[in-house]
Engineer: 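My questions will all concern the structure given below.
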2 protein chains.
Amino acid sequence: MRDTLNRERVVRAAMDLADERGIESLTMRELGRRLGVEAASLYNHVAGKDDLLDGMADLVVAEIDLPSYGVDWKEAMRRRAVSAREVFSRHPWAAGLIDSRGPSGPCSLSYVDRVLGTLLQAGFSPGIAANAFLALDSYIYGFERQWSSLSLGAAVDTTEAAEEVLAAIPQGAYPSLACVATDYAAKPYGDAAAFDFGLGLILASLERLLE
Amino acid sequence: MRDTLNRERVVRAAMDLADERGIESLTMRELGRRLGVEAASLYNHVAGKDDLLDGMADLVVAEIDLPSYGVDWKEAMRRRAVSAREVFSRHPWAAGLIDSRGPSGPCSLSYVDRVLGTLLQAGFSPGIAANAFLALDSYIYGFERQWSSLSLGAAVDTTEAAEEVLAAIPQGAYPSLACVATDYAAKPYGDAAAFDFGLGLILASLERLLE
DNA sequence: ACCTGAACACCGTTCAAGT
DNA sequence: ACCTGAACACCGTTCAAGT
């Protein structure tokens with residue numbers, strides 16, 4: 001259909017398919033169907049499914065805002081963390097895909113270099129910079145998957161989700177969980193706010209390390 | 001073979017298979033082969049592959065040491081975090097499996113309840129306890145996958161890994177990455193030490209929140 | 001140069017038939 | 001009660017054949 005197929009269009013279509021129907025629905029055959037072509041034709045533009053997944057991972061990393069060298073290190077780390085979380089929220093399959101494949105693509109490498117560069121420039125030693133990077137990315141990559149695994153399935157708003165939890169709990173069992181869920185139902189918050197809380201904890205401690 | 005098959009044995013064998021050959025090698029047919037039985041026979045003990053994966057997730061959570069109520073909250077959080085990381089290191093497929101399925105099993109629920117209970121008892125408000133829990137678990141669940149995605153593939157010791165990185169980098173590109181890798185090659189550290197660093201950052205900030 | 005059709009080895013799952 | 005054999009609808013991938 002419309003113009004001829006190429007690698008870029010194939011990878012983009014794969015990302016859309018994964019976004020809409022989940023990564024487990026991403027199938028060479030289904031992707032071909034969506035592009036109006038047989039599955040076998042995709043092999044003219046992509047070496048195989050592995051290559052397709054590599055392409056998706058690299059395009060996702062490219063969506064994350066890189067820290068610009070000018071700004072304060074803490075603000076730079078905050079911005080790129082927030083940007084990464086938004087990307088992982090748009091593409092729930094992305095975090096798992098990236099860290100099952102390692103930072104191989106050129107986008108990933110310059111991402112790593114920029115983050116480490118910002119930390120070194122701020123005055124962290126190479127060893128601490130590496131550790132700080134790992135701590136931040138562990139949190140960043142872990143957060144969205146943790147968040148979405150907690151908010152159970154189909155609940156429309158977050159208060160409803162908390163009430164679902166409460167309803168599913170046997171009376172009296174899990175009192176602390178019930179207490180927290182009740183509190184949450186009264187004043188719910190979103191994933192952006194929750195993410196900021198944990199991010200602030202890590203950044204505050206890093207700042208103290210610098211003094 | 002040896003005795004008759006049952007759900008427990010099937011789930012354990014699935015975990016062993018996933019540990020040894022990767023979660024993507026876990027196949028009903030391969031699992032049957034390993035148990036000396038046709039794939040179809042497994043359906044006598046397990047409702048399907050989804051049920052099998054649920055069983056694996058629950059057994060993994062059961063391997064994590066629960067905090068005992070007696071000890072100081074910070075020490076309790078540290079212990080359960082270290083225990084969880086060890087479990088995820090033994091079972092690299094576990095973190096992804098658990099947070100793609102949500103905390104449904106009874107083991108997961110008492111795990112959540114105990115952690116929240118410890119935080120509430122320490123004096124955190126329900127809202128802060130929930131946020132602290134989420135921050136800690138995002139880090140814990142994210143760490144091992146991040147770590148193993150960084151240490152590229154086949155390097156025997158960690159120094160060798162760093163040298164591999166350096167060799168793969170085009171001369172002069174990625175200077176900060178090269179700097180950190182060189183430093184790491186001189187004095188490498190293990191995953192346990194790296195995990196402790198980030199964990200300490202989060203716990204220290206939480207402690208300050210309590211004052 | 002790109003696409004199709006058919007094939008191959010592999011999945012998860014069901015079900016009648018055996019013991 | 002548990003297992004087998006065969007079948008079904010689905011995978012990823014290859015390759016000769018078409019245009």
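By convention in this document, chain letters (A, B, ...) are assigned in the order of the sequence lines, proteins followed by strands, and residues within each chain are numbered from 1. Heavy-atom basis, side chains included; hydrogens, waters and symmetry copies ignored.
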Engineer: Do A:Y189 and A:Y184 have ring centres separated by under 6.0 Å?
Structural biologist: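 When the ring centroids of A:Y189 and A:Y184 are compared, they turn out to be within the sub-6.0 Å range.
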
Engineer: Only one of B:E20, B:E144, B:E63 clears salt bridge (charged side-chain N to carboxylate O under 4.0 Å, His left out) with B:R90; which?
Structural biologist: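 Going through B:E20, B:E144, B:E63 one by one, the salt bridge (charged side-chain N to carboxylate O under 4.0 Å, His left out) with B:R90 is satisfied by B:E63 alone.
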
Engineer: Going 5' to 3' through nucleotides 3-13 of chain D, assign each nucleotide B (protein heavy atom under 4.0 Å from a base atom), S (under 4.0 Å only from sugar-phosphate atoms) or - (no protein heavy atom that close).
Structural biologist: BBB-B---BBB

Engineer: Can you run down the salt bridge (charged side-chain N to carboxylate O under 4.0 Å, His left out) pairs that involve residues 177-189 of chain B, sequence neighbours left out, and say none if there aren't any?
Structural biologist: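 For residues 177-189 of chain B: B:D183-B:K187.
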
Engineer: Under a 3.5 Å cut-off for both distances, is D:dT14 Watson-Crick or wobble paired, and to whom?
Structural biologist: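 Partner of D:dT14: C:dA6.
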
Engineer: Over all heavy atoms of both residues, which pair between B:H45 and B:L5 is shortest? Give the atoms and the distance, please.
Structural biologist: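 Looking at all heavy atoms of both residues, the closest pair is NE2-O, 3.3 Å.
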
Engineer: For B:D65, is there an ion pair with B:R114 - N to carboxylate O distance below 4.0 angstrom?
Structural biologist: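 No, this pair does not count.
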
